[in-house]
There are 2 protein chains.
Amino acid sequence: MLSAALRIVDTEGLDALTMRRLGQELGRDPMSLYRYAANRAALLDGVNELVLNELAIFPEDRDWQAQLRRIAHDLRLLALSHPNVVPLLVTRPLSTPLGLRPLGILRPLEQILSLLIDAGFPAEDALHVYRAYYGFLYGHILNELQEFIVDPEENEALLRLGLHRLPPKEFPRLRALAPVLADYDGAAELDQGISILLSGLAAQLSPPPATP
Amino acid sequence: MLSAALRIVDTEGLDALTMRRLGQELGRDPMSLYRYAANRAALLDGVNELVLNELAIFPEDRDWQAQLRRIAHDLRLLALSHPNVVPLLVTRPLSTPLGLRPLGILRPLEQILSLLIDAGFPAEDALHVYRAYYGFLYGHILNELQEFIVDPEENEALLRLGLHRLPPKEFPRLRALAPVLADYDGAAELDQGISILLSGLAAQLSPPPATP
DNA sequence: ACAACTTCTCTACGCTGTAGACTTTACCTG
DNA sequence: CAGGTAAAGTCTACAGCGTAGAGAAGTTGT
């Protein structure tokens, strides 16, 4: 059921995921969905969970930096392949206290904490590392998707056209950067940011012994 | 009109901002709102703009690091005082191509680019710095708000209660960190992350001459 | 005073999530 | 196999939503 919901979200957008539409997709009465999800909100949480479960984390790995870097790239790709789910990813937790969120959404948090603690960080530092890391990661994904042109029309022209609308006096920098904006290597930018962040964090907090 | 809308969002949440509700707040017919906003979406953009306009940026300042750090703290406080607007802040641009967004939303982008370029960065590097910076900033704000307990009930107890629900076998780290999670100094964490990021960026990209 | 134009109001339509009563199906027990 | 119990699915209905379109009221220019 959740996979059908995800299919609708991916192909038709978040708003298209209505109870009636999902019921039709499954060939069932819309009301029957309430046996599996108490709410439409719960349904959205389910989709959210389903996507997050595609993310593989191996907390046993001792090389925390490599692991975090890989996870970052994986999550980025996940977001790019389900762009319509991203609003859910960043917005749903805002309205649910931490402890009451679906387990599938809390699992990555637990696993990354575990990874960091096993790698030698004191629990409290692990939390700090996690926050800086996940904060940057989510921010990057949002940023990249915001610049991503979903329009089926030719990209660059439309982008330039959009920017052309801006008053030149007020937005000279942005207009001048139009060609650079057009080719955005998200993976490289993410990797570079992660590098800066991880080495900075490692230098600042007590570095883990890293000897098994 | 927008300020009335913002008032509703702040006090009653995003969903409470309906055309009928806003009309009632203004003592006007709901349909009269369409003279000022083409859409409900445009209305949300307006609220978004209104909040972002509270953010002051001084592109003439030569000390880009101090300036970016101040802006980060300002935006954080802004987000904390309008938490219900944050979903708008991060979500709305996802459905609008960059060039077609309201000017008030693009203005911070332009101003920060201007700040960086005036501080000596080549235009292209300025864009990279901006992306890493804004990405981290947005990510931090999301993170902090996600941990923020809006519940009027006593914080710590409720948080622990929520966490207590988690199966101990599966979430040992998270449960153990409950007391630490409870007191989260968002400003300090943001400042520390910004420090790491800015110094890393300055070291990596051609450092600005910084001599006026 | 009349006309043109803007602004506001009213009604109505199709859509939404979901409560509550009802019917059908599945399964387990004697 | 028969009968009862629980689960799953269906139907109808309601209040609320955004907003199209026609009309009323008010304002301004000549």
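Chain A is the first sequence line, chain B the second, and so forth, proteins listed ahead of strands; every chain is numbered from 1.
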Subject >> Residues in side chain to side chain donor-acceptor pair (under 3.5 Å) contact with A:Q65, at least two apart in sequence or another chain >> reply: none
**OP:** Nearest-nucleotide wise, let me know which of A:P30 and B:G27 is further upstream toward the 5' end of DNA chain C.
**Re:** B:G27
Subject >> B:R20: salt bridge (Lys or Arg N to Asp or Glu O under 4.0 Å) partners, not counting sequence neighbours >> reply: none
Please produce a list of atom pairs where a protein N or O lies less than 3.5 Å from an N or O of nucleotides 20-23 of chain C.
none

Subject >> Covered region of DNA chain D, 5' end to 3' end, by chain A [heavy atoms, under 4.0 Å] >> reply: D:dA8 to D:dA13
Subject >> Residues which pass side-chain contact (heavy atoms from CB on, under 4.5 Å) with A:Y36, listed by chain and number, not counting sequence neighbours >> reply: A:M1
Subject >> Under-4.0 Å salt bridge between B:R173 and A:D118 >> reply: yes
Subject >> Under-4.0 Å salt bridge between B:E170 and A:R107 >> reply: yes
**OP:** If the plane angle is over 60° it's perpendicular, under 30° parallel, otherwise tilted; pick one for B:Y130 and B:Y134.
**Re:** parallel
**OP:** Only counting residues at least two apart or in another chain, list the ones meeting side-chain contact (heavy atoms from CB on, under 4.5 Å) with A:A16.
**Re:** A:I8, A:E12
Below 3.5 Å between N/O atoms, which protein atoms pair up with nucleotides 14-17 of chain C? Just atom names and distances, please.
residue	atom	partner	partner atom	Å
C:dT16	OP1	A:T18	OG1	3.4
C:dG17	OP2	A:M19	N	3.1
C:dG17	N7	A:R20	NH1	2.7
C:dG17	O6	A:R20	NH2	3.1

Please set out all donor-acceptor pairs under 3.5 angstrom arising from side-chain atoms of residues 182-190 of chain A, sequence neighbours excluded.
residue	atom	partner	partner atom	Å
A:D185	OD1	A:A187	N	3.4
A:D185	OD1	A:A188	N	3.2

Original post:
Considering residues at least two apart in sequence or located in another chain, which fulfil the salt bridge (Lys or Arg N to Asp or Glu O under 4.0 Å) criterion with B:D10?
Top reply: none
Original post:
Taking only residues two or more places apart in sequence or in another chain, which ones pass side-chain contact (heavy atoms from CB on, under 4.5 Å) with A:P83?
Top reply: A:L145
Subject >> Which residues share a side chain to side chain donor-acceptor pair (under 3.5 Å) with B:R40, sequence neighbours left out >> reply: none
**OP:** Name every residue in residues 2-13 of chain A that has at least one heavy atom under 4.0 Å from any atom of DNA chain C, in order of residue number, or write none if there are no such residues.
**Re:** none
Original post:
In this structure, which one of B:D45, B:L2, B:V85 forms a side-chain contact (heavy atoms from CB on, under 4.5 Å) with B:L50?
Top reply: B:L2
